[in-house]
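Take a look at the structure set out below.
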Amino acid sequence: MNINSNIPLKNILYMGLFLFLQFNSLYANANANANANANANANANANAISDKGYSIAARSDRSDRGFSDSIVEMTMILRNSAGKQASRTLQFKTLEIPDESVGDKGLILFRTPKDIEGTALLSHAKILKSDDQWLYLPALKRVKRISSRNKSGPFVGSEFAFEDFTASELNKFSYKYLREENCGKLICDVIERIPLYENSGYKKQISWIDNSIYQLRKIEFYDRKGSLLKELILKDYRVYDQKYWRPHKLKMNNIQTKKSSDLIYDEYIFNLGLTDNDFVKGRLTGLR
Amino acid sequence: MSELKLPIFKKILNFIIILLISTSEPGIADVYDELDISGNIAFQLRGFTQNSMWSGQNTSDIESSISGEWEIRWRSNSNNQRISFIPFARWDENDNKRSHYDFREAYWAYQNEDFELLIGLNKVFWGVAESVHLIDIINQTDLVENINQEEKLGQPMIRLAFQEHYGLLSFYLLPYFRERSFPGSDGRFRGESAINADNAKYQSSSKRKHLDFAIRYSHYFGDVDLGLYYFNGTNRDPRFSMRGVNSELLLNYDQIEQIGLDLQYTNSSWLWKLESFVRDGYADSIFAGVAGFEYTFYQIFGGSSDLGILFEYQYDDRSSVESISIADNDFFLGSRWTSNNINDGSILAGVILDKKTSETFYSVEAKTRLKENFLLSLELKMTTNSELGEPSFPQSRDDYLELQINHFF
């Protein structure tokens with residue numbers, strides 16, 4: 001009955017604390033190494049890409065710099081080949097990480113369907129490795145670290161893969177300039193980009209970037225066998241702060257399955273003053 | 001709190017009616033745009049595969065019940081404060097102890113950049129394993145809801161949590177203890193005699209009002225997620241003993257100290273998991289652990305669905321004088337299928353094999369969305385190789401198939 005009689009729990013507590021501190025310093029070292037590696041990678045990449053395609057993609061990506069953070073509500077409409085339709089609504093929060101060798105942080109909060117309301121997905125994007133991702137399941141109030149190896153799988157049943165949402169990170173691809181051609185009323189540079197992430201679902205992508213506001217207008221996705229899988233059209237670009245362009249209608253057609261998904265965005269709000277602490281797993285239980 | 005008394009039931013009904021009227025009124029959402037009201041009602045049908053074992057249990061093999069959960073959330077304009085209020089109620093056809101209500105959440109919280117203060121009833125989950133929730137300790141199990149121990153009673157608490165660059169540090173003060181809910185004499189999932197909650201005995205003289213506390217640290221280091229806690233207070237797991245000439249079953253809620261650890265290493269398609277605790281309390285100190293992995297095959301057969309394989313080993317060295325653990329030397333093998341299509345269908349199927357006694361437990365949980373606001377779920381629980389004298393024997397005739405439809409609003 002006597003609590004103090006059996007094992008010296010306090011000793012275990014101290015031991016645990018000691019181990020933790022050791023672990024912590026180990027982690028700090030590992031982190032420093034990882035950063036050094038990332039920088040080395042970025043440099044290697046920079047040398048290899050004297051291509052015109054890279055500079056056009058870089059101009060497009062960098063036109064977006066300095067937005068710091070954003071929040072937007074979005075409706076997703078899913079259609080299968082028989083025309084059956086379903087929708088989801090979600091909120092996207094993004095925290096810009098200025099360092100191009102590290103990806104942005106994102107938080108997706110599901111609003112409908114009602115049975116998954118409150119489910120949240122937190123991701124710390126990596127450029128060439130798997131992202132760090134946590135899923136929050138509100139029914140159990142459980143936060144789960146999940147494998148993000150599979151960035152190419154369907155995101156909430158849509159034709160979008162998770163990697164399609166973060167596809168604009170510059171250093172995720174190597175680039176090759178193809179040609180210039182008309183795209184609607186505009187003139188576009190057509191650039192082939194090869195994903196550098198080894199578990200990408202794509203062998204290559206062909207992207208159309210207009211030469212007036214430098215935004216993506218269309219992307220063709222080729223599966224790992226090299227055949228055309230999906231086609232994404234980006235429309236309704238609006239400018240915020242006279243600087244930041246965002247498409248408000250995205251349509252993804254799966255050429256192979258005939259399914260399609262639309263994304264319809266509300267107005268973005270920028271510069272809310274979000275910080276790293278708004279994108280940590282410890283805060284996932286208090287989002288609603 | 002587990003027995004439904006009529007006046008309270010009436011009050012709740014009134015409350016629900018008012019709620020329904022007020023939510024159906026157009027425009028209310030525009031007036032209080034920080035106020036969010038949602039919830040679901042569910043119809044559940046359980047079919048037992050065998051007749052009940054014990055006298056007094058309801059002889060019907062079919063059990064229907066209805067449950068409802070309302071979620072009322074409010075958030076201040078500045079986003080600093082929030083209130084959450086989640087009442088839950090179930091009516092069960094056969095078991096009056098399963099007809100019960102609870103407040104899963106009823107709290108106020110203040111949050112700023114550095115810390116969060118939460119006061120009220122809340123639910124907290126700790127752990128990483130799938131086959132058993134070993135280290136999850138803050139909330140009491142609402143056992144009448146489901147024997148899988150995943151349903152929890154709201155726990156009164158004051159929580160102060162600091163989000164630091166080195167992780168999340170949380171301090172819990174738990175001023176009031178909730179007793180576990182048990183099936184009544186009409187219900188299934190019981191032993192020879194139903195457990196009388198009035199027969200609870202506390203080690204602490206302050207009984208339910210003993211002030212429990214816990215400290216938890218959680219963070220991640222690259223691919224490793226770590227949680228570590230210390231708990232001091234009333235054991236959520238009651239220890240059973242016999243009393244008197246009628247050998248009445250007595251519930252003992254002991255004072256314990258516990259250190260718990262949860263660890264997950266996430267590498268490509270692998271999740272490696274470990275949960276473990278050391279508990280000091282009634283008799284010898286207890287060590288328990290569950291360790292295993294989950295491996296996922298993505299987009300199987302070229303389609304959109306994923307298939308995960310789960311394996312876990314459960315260990316517990318407690319002696320027979322302690323509260324009962326059936327997860328003492330068991331293997332769990334499971335499989336999780338997710339459709340990744342419009343209906344978000346999923347199936348989790350698993351079998352737990354007790355190495356010592358050969359008791360075998362089967363579980364299947366499947367669900368799919370029917371329409372926008374309807375969810376259909378199916379559950380199968382089965383026990384085989386359960387002999388007289390083994391922990392699962394008293395409930396070995398309680399295999400069931402459950403069908404449930406939830407309507408969300």
Side-chain angles (χ1 to χ4, degrees), chain A residues 1 3-7 9 12-13 16-17 20 23-24 26-27 30-31 34 78-80 84-87 112-118 130 132-134 137 139-150 152-158 199 201 257 275-277 280-283 285-286 288, chain B residues 36 38 40 73 75 82 84 109 111 113-114 116 123-125 127-128 150 161 163 166-168 203 217-223 225-226 228 230 255-257 259 261 264 266 268-271 278 280-282 284-285 296 298-299 304 306 339-344 369 372-373 375 406 408-409:
Chain A
M1 280 293 209
I3 282 180
N4 297 320
S5 66
N6 294 311
I7 42 157
L9 268 184
I12 293 181
L13 202 63
L17 206 64
F20 159 67
F23 199 29
N24 215 358
L26 207 74
Y27 165 68
N31 224 8
L78 321 178
R79 273 182 221 94
N80 69 13
K84 195 186 163 198
Q85 205 167 304
S87 72
T112 64
K114 289 273 188 183
D115 60 286
I116 56 165
E117 185 183 9
S130 297
D132 293 341
Q133 286 188 346
W134 293 266
L137 303 165
L140 288 178
K141 302 207 92 179
R142 180 172 181 177
V143 176
K144 232 175 158 176
R145 174 78 172 262
I146 57 170
S147 160
S148 64
R149 180 192 174 278
N150 180 43
S152 57
F155 178 69
V156 289
S158 75
N199 292 315
T257 64
T275 67
D276 281 322
N277 269 0
V280 286
K281 72 164 182 167
R283 286 275 167 92
T285 54
R288 278 199 305 158
Chain B
D36 178 33
S38 59
N40 77 89
R73 297 169 197 277
R75 204 169 254 283
R82 65 178 201 278
S84 173
Q111 182 179 300
E113 178 65 22
D114 306 313
E116 184 193 65
K123 212 162 79 170
V124 172
F125 180 87
V128 291
E150 283 185 354
Q163 182 66 55
Y166 55 79
L168 182 75
Q203 186 189 345
Y217 168 78
S218 92
H219 198 46
Y220 70 103
F221 304 91
D223 296 329
D225 283 61
L226 167 90
L228 191 65
Y230 170 77
Q255 287 298 306
I256 58 162
E257 280 186 283
I259 290 175
L261 168 82
Q264 183 177 311
T266 307
S268 192
S269 306
W270 294 91
L271 311 179
V278 192
D280 206 358
Y282 175 65
D284 293 334
S285 69
T296 306
Y298 294 104
Q299 290 155 277
S304 63
D306 299 336
S339 71
N340 287 324
N341 65 7
I342 282 181
N343 295 326
D344 286 326
R369 189 176 301 120
E372 172 83 22
N373 292 320
L375 191 72
N406 289 67
F408 292 82
F409 53 86

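Proteins get letters first, then strands, A, B, ... in listed order; numbering begins at 1 in each.
Heavy atoms of Thr275(A) lying under 4.5 Å from chain B belong exclusively to its side chain. Only the side chain of Gln299(B) comes within contact range of chain A, with at least one heavy atom under 4.5 Å from a heavy atom of that chain. Of the two parts of Thr257(A), neither the backbone nor the side chain holds a non-hydrogen atom closer than 4.5 Å to a non-hydrogen atom of chain B. Heavy atoms of Gln163(B) lying under 4.5 Å from chain A belong to its backbone as well as its side chain.
Nearest heavy atoms, Arg288(A) versus Arg73(B): NH2-NH2, 3.0 Å. Closest non-hydrogen pair, Thr266(B) versus Ser147(A), comes out as CG2-CA, 4.0 Å.
Ranking Gly286(A), Gly282(A), Ser130(A), Gly153(A) against chain B, the residue ahead of the rest is Gly286(A), based on heavy-atom pairs under 4.5 Å. Considering only heavy-atom pairs separated by less than 4.5 Å from chain A, the leading option among Asn340(B), Asp225(B), Asn341(B), Leu375(B) is Asp225(B). Listed options Asn406(B), Thr296(B), Leu271(B) were ranked by heavy-atom pairs under 4.5 angstrom with chain A; first place goes to Leu271(B). The candidate with the highest count of non-hydrogen atom pairs below 4.5 Å against chain A, out of Ser84(B), Ser269(B), Ser304(B), Ala109(B), is Ser269(B). When each of Glu117(A), Lys114(A), Lys84(A), Lys144(A) is checked for heavy-atom pairs under 4.5 Å with chain B, Lys114(A) comes out on top. The candidate from Glu372(B), Arg369(B), Arg75(B) with the greatest count of non-hydrogen atom pairs under 4.5 Å with chain A is Arg369(B). Contact tally against chain B (heavy-atom pairs below 4.5 Å) for Asn199(A), Leu140(A), Ile146(A): the top residue is Leu140(A).
For the pair Ser218(B) and Lys281(A), the minimum side-chain heavy-atom distance is below 4.5 Å. Side-chain atoms of Leu137(A) and Phe125(B), non-hydrogen and from C-beta on, never get closer than 4.5 Å to each other.
With sequence neighbours excluded, the residues satisfying side-chain hydrogen bond (donor to acceptor under 3.5 Å, both in side chains) with Thr112(A) are Thr89(A). By the side-chain hydrogen bond (donor to acceptor under 3.5 Å, both in side chains) test, Asp132(A) is found to be paired with Lys126(A), Arg145(A), residues two or more places apart in sequence or in another chain being considered.
The distance from atom CG of Asn277(A) to atom CD of Glu116(B), rounded to the nearest 0.5 Å, is 12.0 Å.
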